[in-house]
Structure formats: C-alpha cells, structure tokens
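First up is the structure itself, then whatever we jot down about it.
Numbers for residues simply follow the sequence, beginning at 1.
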Amino acid sequence: MAPIVENASSQPADLGFTVSHQKVELDIDLRSRSLTGRTVITINPHLRDLKTIHLNCRQAVVTRLSVNGKPCSGIALTDPYKNAKLEWNAAGVQQYDMLQRKLAGQFKDPPEEELGVMIPKTVKIDELDPFSEEAQNIHLSRTSGNSKRDLGDGSAIDLVQGSRATVEQNARFTTITLIIEYVVEKIRDGMHFVGWEEGDLRYPHAYTTNSLSPGTACCLFPCVDNLTSKCAWDISIKCQKTVGDALQQVSNPNPRSQANSIQGFSNGIIEINGPRKADDRSNSFSDADKALDLAVVCTGDVTDEIVDARDPTKKTTSFMCTTAISAQHVGFAIGPFEHVDLAEFRENGEDERLGQNAVPVHGFCLPGRVDEVKNTCLPMAKAIDFITLTYGSFPFSDYSLCFVDDLLPDVLDTGSLSICSNRLLFPEDVIEPLDRVSRQLVHALAVQWMGINIVPKDPSDFWVVVGIAYFITDIFMKKLSGNNEYRYNQKKAADRVVELDVDRPSLYDTGALITLDSSELEFLELKAPLVLFILDRRLTKAGTSGGLSRIISRIFLNSKVGDLANGSIDSPYFIRTCEKLGHMKFDVFFAQWVEGAGCPKFRVTQRFNKKKLVVEMMIQQSQAENIKDRDMDSENFVRDVKEEHKAVYAGPIQSAFTGPMTIRIHEADGTPYEHIIEIKDLKTTFDIPYNTKYKRLKRSRRQKERTAASAGNEYMGGGNDDVLLYSLGDVLQSEEEMKEWRLAEWSKDDEEKMSQESYEWIRMDADFEWICKMSTSMPPYMWVSQLQQDRDVVAQLESIQWMSFVNAHELVSTVLIRTLIDQRYFHGIRTAAAAVLAKNAKNEVGWIGSFHLDKAFHEFFCYPGSHMTRSNDFTDRASYYIQCAIPQAMAKVRNASGHTPFQSRNFLFEKLKFNDNSNNEMSDCHYVAALMRGLAEALASKPPFPTDGFDDFEDIVGDNQSFLNACLEEIDRHRRIDEWIPSYHNILSTTALDCKRILAKAGIIQTRPADFLEYTSDGTSEYLRLSAFSNVMALGLAKNDAILRWFLFVLSTDPSPHIRENMIRIFGKTLGSLAVGEHLEIAKEQATQLDGLVIEQESTTEARQADLARKQTVEGALNALRDEVSANLVLKKDLWKAIESPTLSLRQLGELLDICDWLYEPDPKIIVVLKYPRYWEYKNLGRGKLLFTRTSRVRTTLPKRKPVAALPQPFIKRENSISNSGKTPPLKLMFKPKKPPLQSTASASSVTRVESVPPSPVVEGENVKPKLKIKFKVGSGVGGPL
C-alpha cells in the first residue's frame, strides 16, 4: 500500500497523563451570564515523575485548587480574553500584529494550555501492579462495558481478559484527583443566552456552543479540550426553577466577591449600595409564561432533580454519561422546553421486534412549536431503528433533539443530544425543506456512532469519520425516499465534486484545514461520502457480502470490544479493515481518491468493426491537459487568501487514474451486455465482442405504431420485429398531438443512419464506480435511446446533460418536452428537461423551447382552452416541483442580444399576478418566491433596442416602463402581504429584497439603500436582516461611510452568534468583490443602463496587467484591495472598534485580525496624544485659604530654564580652637541663597534668628531676585543660651 504522508498539522503533545473520569458542577446565573463551578478530575499519570498538569481553562478565575485533597498554590493561569485587547487606547488597526502575537498561543492548532498545576511535593505517584484490582477498576471505569455490567446488560462484553495491554498503558500508576473551584464572571464563549436582554421578547433559554475546534468546552470548565481525550462524565447543573424565578433573581455583579470574601466584603471594600438588582424583565411576560418550568437537557442520563434546600427557587439536575466522550461533546441546554415523545412514531410492532435495542427518542422545543417538531422529526424513530439493526447498537441509552434560537450551525453534535436550530423546523404545509432537513437530522443521528463515539485519531483522518457518517445517512435516505432519489442525488453530488475539486488539497490533507474556512468542511462533506459510495460499489461488485455496510458494522463492533484505542480511528486502520473483509487490495484506490487530488476526465471514442464483429473503443484521460488557472472570485476569495497565507497548496494533478470500469452495450436485440475493462494507463484501447445477430428493426416498429395510432387502432405487435420495447417518452405520438405541440421527427438521413447501427447505445461506467467527467462521442439518436429506454436515472440524467450542450434544435426540444410531459419519469429528470428546454428557445428554431414550456404549463396547471391558472394543488410533490421548474426555466430564455422576450416576461408576470392558493392546503410561499425571482431575472436582462429606426423608440420605452412598473408593484405587493401574514422564514420579503438587488445591479431601477437598511435594525427577523445586509454589500455600497460604519457596528455588537458569523462572511465576500473588481463591473453596467452611453478610455499596459493580476493571483487581488480601502479612515477606525468589542468570540476576533493582515501593513509606531498644560490662577479667600483654578489658557511652549548658580560653600570661622573654659566654641555658619524663598518652618531649637525681606510684587518679564538672609549658630548641643 502506498504510504500515507504524515500531516503537517501539529498534534497535541503527550501531556503525561490521561483523564479517566470528570465530574462537573455548575451553578449558572442566567441573568448575569455568569457561573460558579467545581470540577473533580481523575487523572491517570503516565510518568512517575509527573510534575505539572496542563489543562485548558479560559475566561475563568480559579478560587481554590487541591491535588489529592491537599491545597495547591503552584498554579499558572493565562486568560486569553484578558489579552484580547491592547493595554493602551492609542492603538489602531495597524497595530493588529501586536494583538495577534498576544493571542498566538490560542490561535494555534491545537492551542496552548492555559492552566498549569504544579503537583505538590507531598503528593506521591506510586507504581501499580497492572493486573491488580485497583488497576482493573481504573480501566473498567473508562469503558462502556462497566456501565452495562452495572445495569445488568447481558450483552456487555467482558473487557478484562482482552484488554491487558490497554490496562498496562492506562493504569501503571496511582491516580491523582484534582479538584478545581472557579468562577466565570462574564461568559463570552462556550455558552449563549437568548431572551435575557431588555427588549428581546423571545422565550429565555441558554445552551452550550460546542465546536469542532478546541477552545470552547474549556470556557465552561477546566478540561483537556481535545477530541481524543475521552472519559466518563458526571454533570450537575444548578439553575432557577421557573422563568419567573430567573427573571426576578437578584444578581451580584461580581461572583468572585462572594467566592473570595467574608460576610459580603470583597477585597476589604464594603459595597455601599449593596448587591445590584437585575432590571425588571418580568413585566414583558405574562403570568403563565413566568410559571413555565426551566428544563435542563444534557449529555447523558438524568439521575436526579433536587430542589435547593436553601433557595427553593433553584434546582439541581444531575446527569451521568458512562460512555467515554471528549469534552467537546459535552453539551446542555436550559429553557422552558416542551417535551415530545418521538418514539410514538414507530411503526406498529417495532418496539417488540427491537426489544432492548429500542432506543427512546425525545424532542425538546420552545413553547408553541410542538407540531413543527413532530412534523420535522417524523423519520427519526425509523432512522434510529434502521441504523441500530444495520450497523450496531446505539452507544447511549437514549437520544434527544433540542431546538433553540440563534444557533450558529444548523446542528450542534453532543453526546446523546443534538442541539438543533429552530431554522430547521417547518410546518406540515411547507414542502421545500423536507428532504434537506430530513437528511440533516438523520446525519446528526449518525454522528452519534461515527463522530462522537468514534472520533478521528488525527486531523487527517476526518475524511473517514465524515464519510462514514454521511454514507450511513444516505443509505437510510435511500430507504426513505427510494432508489431513484438516492442515485439522482449521488450523480448531482459527483458532478459538483468534479466542478469544485480544482486546485484543492487531497481529502487526507483537507482534514487538517476544516477549521481554516467553512468551505473546507463543506467540500470534505461532499467528497468523502462519494468516495465511500464508489468504494461500496466496487466491494459489492467484487462479491463482498454486505459491501461497505458490513465493514462499518465491524468497525462499530471493534470499538465496542476495545479494539480501537480510546475510540479513535485512523486511515490505516480503516484501509486494513476494508482489505481484510473485502479480500482484495485497495492501496491504489485510496492513493488516488484519498491521498490524491482532482477527478479524472475521460474522452471515449468507439467504432463498430463489421469484419471482426467487435466494438473498438479507446478511453483517454485528459485531466492533465489544458490546465487553466482558476480565476479569483468573491465567493472563494477568503479561502484562497487563507490558503495562501497558511502555505496550503493544491495536490498534484494525477496524470492517470486506474481501476475497473463497467461498460454496458445495448445491442440491437435490446439486451444489455456488460463488459468490465481495467483502465491502467493514460490511454486504454480494447475490443468488445458483439453478440446480436438480429438487424436493427426498432424504427420499423415505430412506424407501425404511428400508422396504427393514426388509424385509431392499437398496435399489438408480434413477430421477431418486435424485440425492442419502448418504455419512456412515448407520449404525444398522434398526428394531432404532434401538430398541436409542433413536434419534429427524425429526418430520412437520420433514419438511414439509425438503421445501419449495430447497437442502440453504449453506457460508460454503468455501475457508477467513478467520480468523473465522461465525454462519449455517440450520435444524438443514441443519447435519445438512452434517455427513453435506460431505466437508470443516472443514465437519463446524463442524456439530459448532453442535450444541454448541443445547439438548439426542434428534435431536441421534441425529446425534452416528451420527457417533461411523461409522468413516469423521475421528477428530477423532468425538471432537468425543463431547464434545458430554455436553451432551445432561440429565434433560429422559432422559439420552440419557450413554446413547449408555455404549452406544458398550460396543459398541467391551467384551465382547458384558457391561459388562466387553476387553483394550486400541491398534494402531488412531483407536480409541485414541475410547477416551480417551468417558470424558473422560462426566466432563462434569452434572444440573440441577451434580452428576455416579452412573451416570457409576460408569462411570469401573469402567473405571479393571478396565482391562486385559496383552495390549497399547502403553502405556496416557495412557488411564489420562484416566480418573483424569475420575473426579476427576466427584467434584469438587457433592454431591447429598436433596429428599424428611432421613430417608435419613445413608445417602446414607454411600454417597457409601464410594464416594469406593473412588475415592480406586483413584487412589492407580495412583500407587503408578507408583513401582515408572515411566510415561512419571511421568504417572500427576502426574495423581494433579492429582486431589488438584481434589478438595481443591472441598472433597471435606481439603487435606494433605504429600501434595504430599514430591515437591518434590531428586532427584525434574522432572515430579513441578513438578506438586507447581503444585498446592500452586493450593490457595492460598502464605500458609503455611514453604511460601512453601521455594518461593522452590527457585526461586532449583535448578540446573536449566527448573525455575527454571517456578517463576517458577508464582509469577506464584500472584500473579495472589491479585490477582483466586481464593483467596477456593477458600476459600469448601471451607467450603461441608466445613461445609455459609456465612454471607455484605452488603458495602459500596466493597468491591464494589474487588472489581469487581480483576477488570477492572490497577491494581485490583495494589492488591488489595499489600493481600494487603504485610504478609508472610517474602515480603519470602525474595524478596530469591532476588534475591541467584548461581544465577539475569540475565533471571530481571529477572523477580523486576519482581515487586518490582508488590508494593512503593521506599523510599529503609535501616535501618543497628550493634553497641553494649562495655566492656573488663584484667589485669596482670606484666613490663609487660597483657591486655585485651571484656566483655558494653554501653554504651548516650554519655559526657558534659567541657569541655577551653585550653592555657596559655608564659611566656618573658629576664633579659638579651645576656649578658656575648655569647651568647644560654637560654630558660626552663614548661608546666602540666590533663589526665591520657599515657605518653610523650623523648630525653635534649631533656628535662632531669621531676617527676611518681604518680596515685592512679581511682574512678568522682570528679572526679580528676592533676597533672604538666614544666620545659624551651631552650639555645642548642651542647650546653652543663644
């Protein structure tokens, strides 16, 4: 097997210990967003001389810490949130690098540990016998088998005998118990609070904000914040009992003051005003709402719920999770949730058939949304039963889904609990989100097996975990929606991978980049399950019973018995399991699809050799030919810049992919013959034997059918001429129908060619074993045969895709309309045919495509013989999709000048105006939104210009303007309706904003920022706010200082993490638009449409080179971006204000610092602003009191300092050395100062006489030298007379 390259991403170093169990106790103050916590961590040392325990701990203040019950003072704690701001106010956006350096340890992957605990010398670490009872208990506490054994589960596997190596590794030394007490004064990360702010009328609740990247769980409790560090958990959460209790509580502004103080004193300072009372939020809620109980939903099983004996308004809910999971997968939610038993949706008899494997499924939601939860989560009980029976038992005792507001992702995965966004909920009368939301929720369930119970051992192994979880999801969706839906979605996903997998790293390398940008994880989630899908196809084809599902089931079983160390899987282990159970080598497969990048592109040519009776074929791979650099665009700008700065390079292009490919030849007798060939080189040639001895008689049978139909008889068939049978697309065959629908027939030349063919069509990769782009040189009639006779939906879609690339033709439109009309086709094929029909609406073919679209819509959805639309009826989902697809296709019709014909625009306008949903049980909001968007796109095309002179130009312009006004009024009417009767997610209002953006961007209407900004204020629906901001930025209004200032303010201060994250994405896309010059194209288009004339000046060579560089290279785009925004002082000032906002999470702060790195050069200089000194004046108040006040007069220059003369040396004169009395004579000292006198005092014993001259009034500008004479007489110190 080809060696797997070691990932460059740094892995967490060996900490010298593992955690076997952790107990967390949290006392959460919901109003003040603070908590008091206590955690008990049981540690198994790996070293006898372990000196320091390193843990992750953010935004917490440790109040007490003990090791094995002994107090410990040797701790080092670094809080990154205190370092998230520079210490001086003079810093600006060009000092971003200083802040980056301060936070460099937390922005690493993995981040540095913030808490270091020095083990006291009195704590001894002794070595244990690995097979002693204590060592066995330590190991069993880390396994799920212990919990099952305690619960009496007979299926539990005895792990004592089979895990001696693991025991020796994990239980070599005595355990260490670490107890940490701490407080979090203000929760900034790790938990989000909804409905507690003044003016927020939503139901108050709170929940954890877990993420794939480390650094979130440690914001709530000290832990080892790493995926591979797994242990059992005991969790206790203390909070208020009811909503009213939480709203009326009295909160202390400083929780630490209570923890570190005695009798309410904090640091020896008495709080004069007492504790702060929370503002009265309870007035916003009714008595019934205040009486709602606060429920706690958490990872694990509920053990008890106890009311606090000291405070009856509080309760403590305890949970126990015996399955070892990481700290990143510990989550909980607190709120007035209503419970929904989703297990009641199980089919009759399923509980008895499953027995003990029947897992309880619970749903939790905010009041009033129970019906939506039941409708949205309808397939969850069936899904958990299917996965349990197919792949293995559920790793937890029950499963819960909790729906909350403001959640950043759609689903947040935690152990036994999926915290889901309310954005996923939809009522029974909405059709559109059904498949998408069901897949998301089923995937959240599959992650419990692969993603939480089993985690990647290394970041580069994420493709295994992500791929298996989505593979399980898609297998269930196949059971739920059918095989056609499953294969259709897989084909669409494969085409998307071929489109995106250009200049990207391999799957193996992408795992380490999922925290770099959200698009990296999206690509991994798209390609990884497809790679496993084609692996499953090859395993099944090789005769492996069960295919990949059997391998996944074995992996789950091995994890259960302890074969996967710490429940982590890596790529080599997965490959070995596939080879062992598949009985074949997969080294080449994984080297190409996992370690390699890109997808193959095949060109296939074939020729029938009549002499040899073989089909000669040649397959060439062209993925390495004509490689063009991908142009920069605003959508991928942020990812491209991040990869450039992080030195992430695309994987090398593989010149040749190898492997088996199935070729199916449908010969003249209608029998498909499969042939498996091995592709081993860049160019593969081979001969396929021909089997049929019959002549091609298909077309003669068709003529007989047509003749019988015209005579009013039914063709019965018979004889050898009727071997081939028509299956699909055989509608509209009568002469009247062909004339009415303007259908075309094959020409005589085509009939002659078809009669000479020896096979119907050739299907390449018939078993869907490749993710590739296939170009087959078959005649058009073979593609039509494949569309009409091949039952595989993938083959039908390939035929439709081929027709989308050919020139417009009556025959192509005929085939497509028959496909659209035939209701036996899968609805995805019919909608694809409608989209391609728009490309056949050309003047050269008499606008046959638009005629067929209009005719089909009237046939299905209008009254007979009338253009009036019937009342909507969406009971048939396939019919609903067709009704949405035809207007969308009609909006794409363009003439040679790029203009949508009036007939198409009028079609959309009438369908929107006369839409009737009064008798329909289902909502038509998505259908109306499709009509609105289609009408806007049609209007945004280039306006017509008269070709026969200017005489009637004014009339044409007037007609167009009146029609435009009518269309705008119709769009605005639906927007106003949405204000009174809100649609699902306000889709009508958001679509109306999109329509205005489309029309303004094309220059059809004037750009009015007020139309969008009115929806950006607080209290507006989040869907409308984000749509308004996105459209404002897309119109190039970021150069408006007021709009930019408001945008950055909302980005940095909005309490919703979902709003902030999407605002950052919009900001990145806006910068990308400025970098690649899209705003210049918008301005040019608007000027062209509104003024009618634009004078272009010839640019210089340097300008053309710069314009080319900004669209092709990251460096060129960044240089252009700096030129655009470097002089914008508003951006500099407000971007730095956003960076200093305490609302942003640490990760969002890092995103903004990265943007500063793109825009500005760091400046090590800081301008320090000092206030000028001012003159003072005084007023004599009498009785020795002077009043000094500062004047407004400013001193702008420093006064000149006058030289100060040296003090004279005192002259000591002694008259006699020794007096007659034998005593030392007194010393006389004379001192004459030259400076103005200072007011001073002296004791009477030391100063004998002072002679002073009162100073004269001081006049400015005069050189006044006051004099002071002081005489000292130094005596002998015996107190004699002076």
I'd like to know whether Arg1045 forms a salt bridge (charged side-chain N to carboxylate O under 4.0 Å, His left out) with Asp1041, so could you lay out the CA-CA distance, the side-chain angles of the two residues, the decisive distance to 0.1 Å, and finally the verdict.
CA-CA 6 Å; Arg1045 187 180 292 112; Asp1041 291 344; 5.7 Å; no
Residues Arg877, Leu434; criterion side-chain contact (heavy atoms from CB on, under 4.5 Å); working and verdict
CA-CA 11 Å; Arg877 284 184 62 198; Leu434 177 60; 3.7 Å; yes
Pair Arg496-Glu499, salt bridge (charged side-chain N to carboxylate O under 4.0 Å, His left out): steps then yes or no:
CA-CA 5 Å; Arg496 183 63 176 163; Glu499 179 184 352; 3.3 Å; yes
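- Rounding to the nearest 0.5 Å gives a distance of 9.5 Å between CG of Leu853 and CG of Leu816.
- The backbone N or O of Asp876 lies less than 3.5 Å from no partner atom in the side chain of Ser879, so there is not a single donor-acceptor pair.
- If you take NE2 on His1058 and CZ on Arg423, they are separated by 3.5 Å, rounding to the nearest 0.5 Å.
- Of all heavy-atom pairs between Ala966 and Phe909, the closest is O-CE1, 3.6 Å.
- Neither side chain, Glu969 nor Asn965, offers a donor N or O lying under 3.5 Å from an acceptor on the other.
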I would like to know whether Met477 and Asn489 meet side-chain contact (heavy atoms from CB on, under 4.5 Å); could you show each step before the answer?
CA-CA 10 Å; Met477 293 303 297; Asn489 291 332; over 6 Å; no
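- Nearest heavy-atom pair across Cys377 and Phe403 is SG-CZ, 3.6 Å.
- Between Glu1022 and Asn1062, the side chains place no donor N or O within less than 3.5 Å of an acceptor N or O (distance only, hydrogens not considered).
- Using bins of under 30°, 30° to 60° and over 60° for the plane-to-plane angle, the ring pair His852/Trp741 lands in the tilted bin.
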Kindly determine whether Glu372 and Arg369 satisfy salt bridge (charged side-chain N to carboxylate O under 4.0 Å, His left out), including the steps that lead there.
CA-CA 5 Å; Glu372 291 180 322; Arg369 313 204 71 169; 2.7 Å; yes
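- In summary, Asp972 and Arg975 engage in a salt bridge, as defined by a charged side-chain N under 4.0 Å from a carboxylate O.
- Listed for the Ser983 side chain is a donor-acceptor partner under 3.5 Å among the backbone atoms of Leu988.
- Within 6.0 Å of atom NZ in Lys839, 12 or fewer heavy atoms from other residues, nucleotides or ligands are found, so the atom counts as exposed in its surroundings.
- Contact record, Leu526 with Leu500: CD2-CD1, 4.0 Å, taken as the closest heavy-atom pair.
- Listed for the Ser804 side chain is a donor-acceptor partner under 3.5 Å among the backbone atoms of Gln801.
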Might you work through the side-chain contact (heavy atoms from CB on, under 4.5 Å) test for Tyr1015 and Arg1025, ending with a clear yes or no?
CA-CA 6 Å; Tyr1015 293 102; Arg1025 296 184 70 195; 6.0 Å; no
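- Atom-to-atom distance recorded for Asp405:CG and Leu366:CG is 5.5 Å, nearest 0.5 angstrom.
- Surrounding CD of Glu740 are more than 12 heavy atoms belonging to other residues, nucleotides or ligands, all under 6.0 Å away.
- Looking at Arg976 and Glu979, no side-chain N of the basic residue comes within less than 4.0 Å of a carboxylate O on the acidic one, giving no salt bridge.
- For the pair Arg830 and Tyr881, the cation does not sit on the ring face, since its NZ or CZ is not both under 6.0 Å from the ring centre and inside 45° of the axis.
- Between Phe902 and Phe963, the distance from one ring center to the other falls under 6.0 angstrom.
- The local environment of NZ in Lys913 is sparse, with at most 12 non-hydrogen atoms from other residues, nucleotides or ligands closer than 6.0 Å.
- Contact between Ala940 and Ile998 at its shortest, heavy atoms only, is CB-CG2, 3.6 Å.
- By the ring pair (Phe, Tyr, Trp, His ring centres under 6.0 Å) test, Phe426 pairs with no residue at all, sequence neighbours left out.
- Counted within 6.0 Å of CZ on Arg870, heavy atoms from surrounding residues, nucleotides or ligands total more than 12; the atom is thus considered enclosed.
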Stepwise, does the ring pair (Phe, Tyr, Trp, His ring centres under 6.0 Å) test hold for Phe1029 with Phe1012?
CA-CA 7 Å; Phe1029 274 120; Phe1012 303 96; over 10 Å; no
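- A donor-acceptor pair is defined here as one N or O able to donate and one able to accept, closer than 3.5 Å; no such pair exists between the side chain of Thr900 and the backbone of Arg894.
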side-chain contact (heavy atoms from CB on, under 4.5 Å) between Leu912 and Leu935, intermediate numbers included
CA-CA 9 Å; Leu912 178 62; Leu935 181 59; 4.0 Å; yes
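- Without hydrogens or angle criteria, Asn375 side chain to Pro427 main chain gives a donor-acceptor distance under 3.5 Å.
- Within a 6.0 Å radius of CD in Glu1014, more than 12 heavy atoms belonging to other residues, nucleotides or ligands are found.
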Cut-off 3.5 Å, no hydrogens considered: what does the side-chain donor-acceptor table look like for residues 858-868, sequence neighbours left out?
| unit_1 | atom_1 | unit_2 | atom_2 | d |
| --- | --- | --- | --- | --- |
| His858 | ND1 | Asp854 | O | 3.4 |
| His858 | ND1 | Asp854 | OD2 | 3.2 |
| His858 | ND1 | His867 | ND1 | 3.1 |
| His858 | NE2 | His867 | ND1 | 2.9 |
| Ser866 | OG | Met868 | N | 3.0 |

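- For Lys491, the NZ atom is densely surrounded, since the number of other residues' heavy atoms within 6.0 Å is greater than 12.
- Across every non-hydrogen atom of Ala808 and Lys842, the tightest pair is CB-CG, 3.8 Å.
- Taking the charged nitrogens against the carboxylate oxygens, Glu428 and Lys374 have no contact shorter than 4.0 Å, which rules out a salt bridge.
- Using modelled atom types, no side-chain atom of Ser813 and backbone atom of Glu810 make a donor-acceptor pair closer than 3.5 Å.
- Asp410 and Gln440 are linked by a side-chain donor-acceptor pair at a separation below 3.5 angstrom, with hydrogens and angles left out of the test.
- Of the possible donor and acceptor atoms, none in the side chain of Asn636 sits under 3.5 Å from a partner among the backbone N and O of Met632.
- Taking the six-membered ring where the residue is Trp, Phe874 and Tyr880 present perpendicular rings, their angle passing 60° and hence far from 30°.
- In terms of heavy-atom proximity, Pro433 sits nearest to Tyr984 at CG-OH, 3.8 Å.
- Between the side chains of His974 and Asp978, no donor-acceptor pair of N or O atoms lies under 3.5 Å.
- Atom-to-atom distance recorded for Thr990:OG1 and Met932:CE is 8.0 Å, nearest 0.5 angstrom.
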Just do the salt bridge (charged side-chain N to carboxylate O under 4.0 Å, His left out) check on Lys1111 and Asp631 with the steps written out, would you?
CA-CA 6 Å; Lys1111 296 181 180 179; Asp631 289 342; over 6 Å; no
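- With Thr1016 contributing its side chain and Leu1013 its backbone, the two residues share a donor-acceptor pair below 3.5 Å.
- How far CD of Glu937 is from CG of Leu908: 9.5 Å, rounded to the nearest 0.5 Å.
- Side-chain polar atoms of Asn917 and Asn872 form a donor-acceptor pair below 3.5 angstrom.
- With hydrogens and angles disregarded, no donor-acceptor distance shorter than 3.5 Å links the side chain of Thr376 to the backbone of Val373.
- Atom CZ in Arg997 sits 5.0 Å away from atom CG in Asn1031 (nearest 0.5 Å).
- Listed for the Ser1030 side chain is no donor-acceptor partner under 3.5 Å among the backbone atoms of Leu1026.
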